[in-house]
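Since the structure comes first, as structure tokens, the remarks are kept for the end.
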Amino acid sequence: MPIIKILPHPEYCPQGAQIEAPAGTTICEALLDNKINIEHACDMSCACTTCHVIVREGFNSLNASDETEDDLLDRAWGLEPQSRLSCQAIVAQTDLVVEIPKYSINHAKENH
């Protein structure tokens, strides 16, 4: 089973984390299943950018992004060439290293 290493984030996982995720799972689902409560304001329907992540290692193993995701990513805070919406990025058989950006464009967080 692939391993996802999450780099330290002051709010979601201050110490960083290492989790296992079955291939075919989105990065967002894997994080949520392991109690890393990344924002996902649109309930993973590819309608916002709150679940934006930067895939530091293993980026090319993910499924290709589509036009809708690419258009949304253009509005994400801290966009980088290896940025993905975690609700759309499907884990393959390759280990990943993921960074959750410090900020998102969501000014009103759900459940906080």
Side-chain angles (χ1 to χ4, degrees):
M1 194 175 307
I3 293 172
I4 302 175
K5 179 180 179 182
I6 300 93
L7 299 177
H9 183 280
E11 183 177 347
Y12 301 115
C13 55
Q15 305 303 313
Q18 187 166 302
I19 61 174
E20 291 186 356
T25 303
T26 67
I27 293 173
C28 189
E29 291 168 328
L31 296 175
L32 295 171
D33 287 347
N34 286 277
K35 310 279 189 272
I36 300 170
N37 296 318
I38 188 171
E39 286 188 66
H40 55 289
C42 71
D43 282 333
M44 298 184 270
S45 66
C46 195
C48 73
T49 63
T50 59
C51 71
H52 168 229
V53 296
I54 302 162
V55 183
R56 297 291 181 202
E57 292 179 22
F59 180 83
N60 291 330
S61 71
L62 301 171
N63 60 311
S65 60
D66 64 17
E67 187 175 337
T68 302
E69 180 182 358
D70 292 339
D71 288 346
L72 284 168
L73 279 169
D74 285 341
R75 297 184 281 178
W77 185 91
L79 181 67
E80 294 191 17
Q82 292 182 309
S83 287
R84 289 295 304 265
L85 297 182
S86 66
C87 71
Q88 301 300 302
I90 299 173
V91 177
Q93 294 294 336
T94 303
D95 293 346
L96 303 172
V97 175
V98 173
E99 179 180 352
I100 302 170
K102 187 173 180 181
Y103 301 106
S104 80
I105 62 168
N106 192 16
H107 297 290
K109 292 184 180 181
E110 299 291 327
N111 301 319
H112 290 270

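On a predicted model such as this, the values are computed, not experimentally measured, just so you know. Any value given below was found using the heavy atoms of this structure, including those in side chains, with hydrogens, waters and symmetry copies removed.
With rounding to the nearest 0.5 Å, the separation of CG in Leu96 from CZ in Arg56 is 13.5 Å. Distance check: Ser83 OG to Glu69 CD gives 9.5 Å after rounding to the nearest 0.5 Å. With rounding to the nearest 0.5 Å, the separation of OG1 in Thr25 from CD in Glu20 is 11.5 Å. Rounded to the nearest 0.5 Å, atoms CD (Glu11) and CD1 (Ile36) are 12.5 Å apart. To the nearest 0.5 Å, the span separating CD on Glu39 from OG1 on Thr49 amounts to 9.0 Å.
The backbone N or O of Cys51 lies less than 3.5 Å from a partner atom in the side chain of Ser86, making a donor-acceptor pair. The closest donor-acceptor contact from the side chain of His9 to the backbone of Glu99 lies at 3.5 Å or more, if one exists at all. With hydrogens and angles ignored, the 3.5 Å screen pairs no side-chain donor or acceptor of Ser65 with any backbone N or O of Asp70. The backbone N or O of Gln88 sits less than 3.5 Å from a side-chain atom of Asn63, completing a donor-acceptor pair. Side-chain atoms of Asp95 do not come within 3.5 Å of backbone N or O of Pro2 as any donor-acceptor pair.
Using a 4.5 Å cut-off on side-chain heavy atoms (C-beta onward), Thr26 and Val91 make no contact. In this structure, the side chains of Leu72 and Cys48 stay at 4.5 Å or more apart for every pair of heavy atoms. The shortest distance between side-chain heavy atoms of Leu32 and Met44 falls below 4.5 Å. Side-chain contact between Leu85 and Cys46 is present, with heavy atoms from C-beta onward closer than 4.5 Å. Taking 4.5 Å as the limit, some side-chain heavy atom of Leu73 sits within range of a side-chain heavy atom of His52.
At a cut-off of 3.5 Å, with distance as the only test, no side-chain donor of Thr50 or His40 sits close to an acceptor on the other residue.
Summarising the geometry of Thr94 relative to Gly58, their closest heavy-atom pair is CG2-CA, 4.3 Å, with the distance given to 0.1 Å. Nearest heavy-atom pair across Arg84 and Leu62 is NH1-CB, 3.7 Å. Minimum heavy-atom separation, Ser45 to Cys42: OG-O, 2.9 Å. Of all the heavy atoms in Ala23 and Ala92, the pair that sits closest is CB-O, 3.5 Å. Closest approach of Ile100 to Tyr12, counting heavy atoms only: CG2-CD1, 3.9 Å.
Hydrophobic clustering, with ILVMFWY side chains joined whenever heavy atoms are under 4.5 angstrom apart, groups Phe59 together with Ile27.
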Assess the residue pair Leu7 and Ile54 against the criterion (side-chain contact (heavy atoms from CB on, under 4.5 Å)); give the C-alpha distance rounded to whole Å, side-chain angles, the decisive distance to 0.1 Å, and a yes or no. CA-CA 10 Å; Leu7 299 177; Ile54 302 162; over 6 Å; no
Passes side-chain contact (heavy atoms from CB on, under 4.5 Å), Ile19 versus Ile6? Steps please. CA-CA 8 Å; Ile19 61 174; Ile6 300 93; 3.9 Å; yes
